[in-house]
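In what follows, chains carry the letters A, B, and so on, assigned in the order in which the sequence lines appear, proteins first and then strands, with residues in each chain numbered from 1.
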Protein chains: 2
Amino acid sequence: MVTLAEVAQHAGVSASTVSYVLSGKRSISANTRQRVERSIRELGYHPNAGARALASSKSNIIALMVPLRTDMYVPVMMEIAIAVATSARAHGYDVLLLTGEEGPDAVRRVAGSGLADGMILMDVELDDERLPLLRETDQPSVLIGLPADTSGLTCVDLDFRATGALCVEHLAKQGHQDIAVIGEAPAVYERHTGFAERTLDGLRSRSRELGVRLLHRPCEGGYDAMAVTLARILDERPDTSGLIVQNESAVEPLLALLRQQGRAVPEDVSVVAICPDQVAMQASVRLTSVAIPAQEMGRHAVDHLVAKLEGRGSDQVVLIAPELTARGSTGPAPSRS
Amino acid sequence: MVTLAEVAQHAGVSASTVSYVLSGKRSISANTRQRVERSIRELGYHPNAGARALASSKSNIIALMVPLRTDMYVPVMMEIAIAVATSARAHGYDVLLLTGEEGPDAVRRVAGSGLADGMILMDVELDDERLPLLRETDQPSVLIGLPADTSGLTCVDLDFRATGALCVEHLAKQGHQDIAVIGEAPAVYERHTGFAERTLDGLRSRSRELGVRLLHRPCEGGYDAMAVTLARILDERPDTSGLIVQNESAVEPLLALLRQQGRAVPEDVSVVAICPDQVAMQASVRLTSVAIPAQEMGRHAVDHLVAKLEGRGSDQVVLIAPELTARGSTGPAPSRS
DNA sequence: AAATCGCATCGAAGCGCTTCGACAACCTAT
DNA sequence: ATAGGTTGTCGAAGCGCTTCGATGCGATTT
């Protein structure tokens, strides 16, 4: 393994000079710089990460904590994770993958050992047990998701409240008066996951404002659960003409059921989904949808974390504005018979 | 930040003693050990990762290289990644997440900088460009997936050849004579991804042995592509009574189409899927399937890598035996009219 | 011509840990 | 009682890098 000292010797300069060439923290004559760079190339030198971390007390690593349970929103998580890894590299950072398994201990371990310079937490719950630790260790961090108390924290998330409002608006504008929301699994609401509640909030308040009737029903994924849920909705509100789905694994079952019951989309029923674009486009009907901007969230999280690490940037809540893409699944409400 | 020296002072011993308590590499009297452990707890000491890495030239980090493109098999990748992270922790290792983006350079960088002690590569192609580097840097590594030349490499994968054979057997045993395979997107075959070809190989040779007719058609995911593919299959082989699907995003569209065309599963058509159990169980019909044992693959990969890192373990190819779980989607072939 | 400045470079002191050799203190066996 | 072995602990030497202060040296100012 090639060391700094060997590069220095090869280039006929001192070790510190090589270091300064690498970091650019002091000016180096063009001549010397080139000689050093040439030696680095010829010897195939790579700075030793451990030594660097020790001497500079910076690891150039960002920890990413993903939820352990893989039952929810998996492709989105993956997309965020990859976006984080990619943007981190662009800033010269590597990403350490932590699972939720260790829980709060992971925060302590990473902060205490200097393994990472900062961390990004995904799937933050309203009252997350990792937050107190985060605050007291003053470990630079960014949350993806919104806890109840955001004071002293930097958070990135889709503006789910606006997302809910946007969905209702879109349907109301087309004359739909009875709208049903097919939501996440009941467990998601019981866990008080922020995004689900905020979406609901946006849905409700906007429909109140627009004078539209709104029915919300949680739904487990899968065909059977969807069948039950849909039946109940149509039983309770037979005039329902607009459906809003916020549950990836309910989308395809829903479409299959509607097809089976002879309800045409969008002629009889309009459907708006809150899901990744890929799901909306690959469904059996091109779905009008509000995308979950996974990439953007990952990128924002990294940008803000890096800003903090460099001393710029401050605590703030970044809500990404939702965008609704109209595809084939929504149209004017059918005239009441 | 608490250091070893501070712990030593607090416990009234030398730094090296504390180090030996931590590593267990020399015997320490019970008395001393307890005093040191108490000091560690009281001061909240965490060893500094960088210093440790520098002194021991081991980082206790495993690099995991996931494919950049997220278009394929995403939940499986995620599950593997999480299994890797979890089992790595159980062995005292952390996981560094690398995306395929950097390509072979990532191998060089990680190996050269001592950032990680070893690496796990996912989504290995038959003739992967990272392999030559891996061989020449003698970086301990484990591949998930099988390249064309496995010499000098340790690989973990599902035995896709046996998987293909198993699917055919299951259908043939129930009297199906005409079987169609709905495969991955054409691009997957063009890229010569090993698993797709090996599955096909197993499917073909076993159906030859059993005297069963087999038709293979690649298929993009989604409803429309599936519709076209299915139509072609039934046009070419109207007697097809068994379908084998190896494409997650074709599963639900296929079921929807069959339902729509009035073909009952399994009375008219039997369907076997090669997919994660979750997909098979959440589909609109409980699917007979061969699972992709993501967790097991991740765990195996880590176990073998750790064995290598500890000097045990050698180069070998580990093929995980497939298991077919019969659910509701397969039954006896309908009698020919 | 002397004093001042900025630039390019060097040497040395650590960063916090592991690990090796040394050395007391204590046990056995002779 | 003495040589030899254990066992438990310590001191010191690095691991490869960053960074601070010092230094030499031309260029600029007075």
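Residues that satisfy the side chain to side chain contact (heavy atoms under 4.5 Å, CB included) test with B/T3, not counting sequence neighbours, are B/A5, B/E6. In this view, A/D315 and A/T154, A/K308 satisfy the side chain to side chain contact (heavy atoms under 4.5 Å, CB included) rule, not counting sequence neighbours. In this structure A/S23 satisfies the side chain to side chain contact (heavy atoms under 4.5 Å, CB included) test together with A/Y20, A/K25, sequence neighbours excluded. For A/S16, the side-chain hydrogen bond (donor to acceptor under 3.5 Å, both in side chains) partners two or more places apart in sequence, or in a different chain, are A/S14. For A/D303, the side chain to side chain contact (heavy atoms under 4.5 Å, CB included) partners at least two apart in sequence or on another chain are A/H91, A/R299.
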Distance-only donor-acceptor hits, side chain of residues 50-58 of chain A, under 3.5 Å, sequence neighbours excluded:
residue	atom	partner	partner atom	Å
A/S56	OG	A/R52	O	2.6
A/S56	OG	A/K58	N	3.3
A/S56	OG	A/K58	O	3.4

Which atom pairs, one a donor and one an acceptor, fall under 3.5 Å between side chains of residues 109-119 of chain A and the rest of the protein, sequence neighbours left out?
residue	atom	partner	partner atom	Å
A/R109	NE	A/E102	OE2	3.0
A/R109	NH1	B/D94	OD2	2.7
A/R109	NH2	A/E102	OE1	3.1
A/R109	NH2	B/D94	OD1	2.9
A/R109	NH2	B/D94	OD2	3.4
A/S113	OG	A/R109	O	2.8
A/S113	OG	A/L115	N	3.3
A/D117	OD1	A/S59	N	2.8
A/D117	OD1	A/S59	OG	3.1
A/D117	OD2	A/S59	N	3.3
A/D117	OD2	A/N60	N	2.7

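Residue A/Q9 qualifies as open at atom CD: its count of foreign heavy atoms under 6.0 Å is 12 or below. At most 12 non-hydrogen atoms from other residues, nucleotides or ligands lie less than 6.0 angstrom from CG of A/D127.
Counting only residues at least two apart or on different chains, the salt bridge (Lys or Arg N to Asp or Glu O under 4.0 Å) pairs with a member in residues 131-151 of chain B are B/R135-B/D149.
Heavy-atom contacts of chain A under 4.0 Å fall on DNA chain D between two terminal nucleotides, which in 5' to 3' order are D/dG16 to D/dA22.
Across the helix from C/dA1-D/dT30 to C/dC26-D/dG5, the helix axis at one end is tilted relative to the axis at the other end by 50° (nearest 10 degrees, each axis from five pairs).
Among the atoms of the strands shown, only primed sugar atoms or phosphate atoms (P, OP1, OP2) are found under 4.0 Å from some heavy atom of B/T3.
Residues from residues 46-61 of chain B that place a heavy atom under 4.0 Å from any atom of DNA chain D, listed by number: B/L54, B/A55. Contacts between residues 17-44 of chain B and DNA chain D, defined by a heavy-atom separation below 4.0 Å, involve B/T17, B/Y20, B/R26, B/S27, B/I28, B/S29, B/T32, listed by number.
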